[in-house]
Every structure is written in structure tokens, then in C-alpha cells.
Amino acid sequence: MRDEASRVMVSAPLIAFVTTHILYLNFYALDYGLNMKVCVGMGVAQLLIWAVWVNVSSHPSRSKLWLFVVGRSLAMLLAVYNFPPYWGFVDAHALWNVANIPLTYLCWGFVREDAEFMTITLLKKVK
């Protein structure tokens, strides 16, 4: 989004929703089920936005971002379809935590490569 009005029109309702949700949980009713639904909904929306962007983009690190989107989707399934511990200590949440370690490296690898790509692109425009 290039102009400021578009940014505000998109970000203001999102910030208002998240703020209202946090205030509701803190001061009205701490509803774990509602919080999970909201968090999963926001996570799915974020993954869909990333998937659409990476699909239409010509970014050189598209494959890394696709791997991140697929990995994060699978990790989200661990959070949604919780199962009891096997052998007393390996449950869905533990596997979700383990899955997030390589996903974090993938995400920050993409951020680094995106910064390099954008810097090179901007330097070419200046010359």
C-alpha cells in the first residue's frame, strides 16, 4: 500500500479489534475458548495473506516463504488439534514448540533476504 490513507484504513480496524479483544479478556471475561478462536482466526488470515502475496510476488525468496507458510499451517494444526501426552511428556503443545524453532529461522532468513533484496532494488532505482 503506497498512500497513507490506505494504510490507516486497513490498520486502524485491526488495531481496534485486537485492542478490544485484549481489553475484553482482561477486564470482562477470560474466555480461553474465545481467545483460541480469535487467535486461530487471525493466524489463518495471516497465513492466507502471506500465501496470496508469495503467489503473486516475484521475490527471489519465494520458496523459503512458501515453506514457512506450509510449516506454520502444520504447526497451527498442532495447536488446534491438541492431543494428550505420549509417554507422559510429548504432547501437541510440546511438538508445537519444537516446530517453531526451525520456522523462526526460516522467517528471519526471509526477513534478512528481503532486506537485502529491497536494498539492492532501491539502490538500482537511485542510480
Side-chain angles (χ1 to χ4, degrees):
M1 292 182 219
R2 300 259 180 234
D3 67 339
E4 195 67 27
S6 297
R7 291 180 187 165
V8 171
M9 287 173 50
V10 170
S11 62
L14 292 173
I15 292 170
F17 174 74
V18 171
T19 303
T20 304
H21 176 66
I22 291 170
L23 290 173
Y24 176 82
L25 290 175
N26 284 324
F27 297 115
Y28 185 69
L30 185 59
D31 186 355
Y32 179 78
L34 173 67
N35 189 47
M36 278 298 292
K37 290 174 188 173
V38 169
C39 290
V40 167
M42 289 191 308
V44 168
Q46 177 189 6
L47 289 174
L48 287 174
I49 290 169
W50 275 114
V52 168
W53 182 83
V54 76
N55 203 27
V56 299
S57 172
S58 60
H59 199 281
S61 297
R62 280 192 319 259
S63 60
K64 186 174 280 193
L65 194 54
W66 265 121
L67 188 59
F68 174 76
V69 168
V70 170
R72 180 62 72 192
S73 300
L74 294 174
M76 192 181 301
L77 289 175
L78 289 171
V80 173
Y81 298 112
N82 200 1
F83 56 83
Y86 291 116
W87 308 294
F89 63 92
V90 178
D91 64 348
H93 191 78
L95 293 176
W96 179 79
N97 285 323
V98 169
N100 280 318
I101 295 169
L103 290 173
T104 303
Y105 282 106
L106 268 175
C107 183
W108 281 106
F110 172 77
V111 169
R112 187 191 72 239
E113 291 171 10
D114 182 53
E116 292 170 357
F117 174 69
M118 293 303 292
T119 302
I120 291 168
T121 303
L122 289 173
L123 286 176
K124 286 180 183 176
K125 286 182 182 179
V126 172
K127 291 182 181 180

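All residue numbers refer to positions in the sequence shown, counting from 1.
Taken from CG in Asn35 to NE2 in His21, the straight-line distance is 4.0 Å, to the nearest 0.5 Å. Rounded to the nearest 0.5 angstrom, Phe110 CZ and Arg62 CZ are separated by 11.0 Å.
Partner of Ile22 under the side chain to side chain contact (heavy atoms under 4.5 Å, CB included) criterion, chosen from Val18, Thr19, Leu25: Val18.
The shortest non-hydrogen separation linking Phe83 to Leu95 is CZ-CD1, 3.7 Å. Residue Leu65 comes nearest to Trp53 through the heavy atom pair CD2-CZ3, 3.5 Å, listed as atom of the first residue, atom of the second, then distance. Across every non-hydrogen atom of Thr20 and Ala16, the tightest pair is OG1-O, 2.7 Å. What you find for Leu103 and Ala75 is that their closest heavy atoms are CD1-CB, 4.0 Å. The heavy-atom pair separating Leu78 from Ala92 by the smallest distance is O-CB, 3.3 Å. The nearest pair of heavy atoms linking Ser73 to Val69 is OG-O, 2.8 Å.
The number of heavy atoms from other shown groups lying within 6.0 Å of CZ (Phe117) is above 12. Other residues, nucleotides and ligands contribute over 12 non-hydrogen atoms within 6.0 Å of the CE atom of Met42.
In terms of hydrophobic clustering, with Ile, Leu, Val, Met, Phe, Trp and Tyr side chains grouped at heavy-atom distances under 4.5 Å, Leu74 and Met76 are assigned to a common cluster. With hydrophobic clusters built from ILVMFWY side chains whose heavy atoms lie under 4.5 angstrom apart, Met36 shares a cluster with Val44. Hydrophobic cluster membership differs between Tyr105 and Val111, with clusters built from Ile, Leu, Val, Met, Phe, Trp and Tyr side chains linked at under 4.5 angstrom. At a threshold of 4.5 Å between side-chain heavy atoms, the hydrophobic network of Ile, Leu, Val, Met, Phe, Trp and Tyr places Ile101 and Trp96 in two separate groups. Hydrophobic clustering of Ile, Leu, Val, Met, Phe, Trp and Tyr side chains at less than 4.5 Å, counting indirect connections, keeps Val98 apart from Phe89.
Contact of the Arg72 side chain with the Trp50 side chain is not registered, since no non-hydrogen atoms from C-beta on lie closer than 4.5 Å. Side chains of Tyr28 and Leu23 form no contact here, defined as non-hydrogen atoms less than 4.5 Å apart. Contact check for His59 versus Val54: no side-chain heavy atoms found under the 4.5 Å cut-off.
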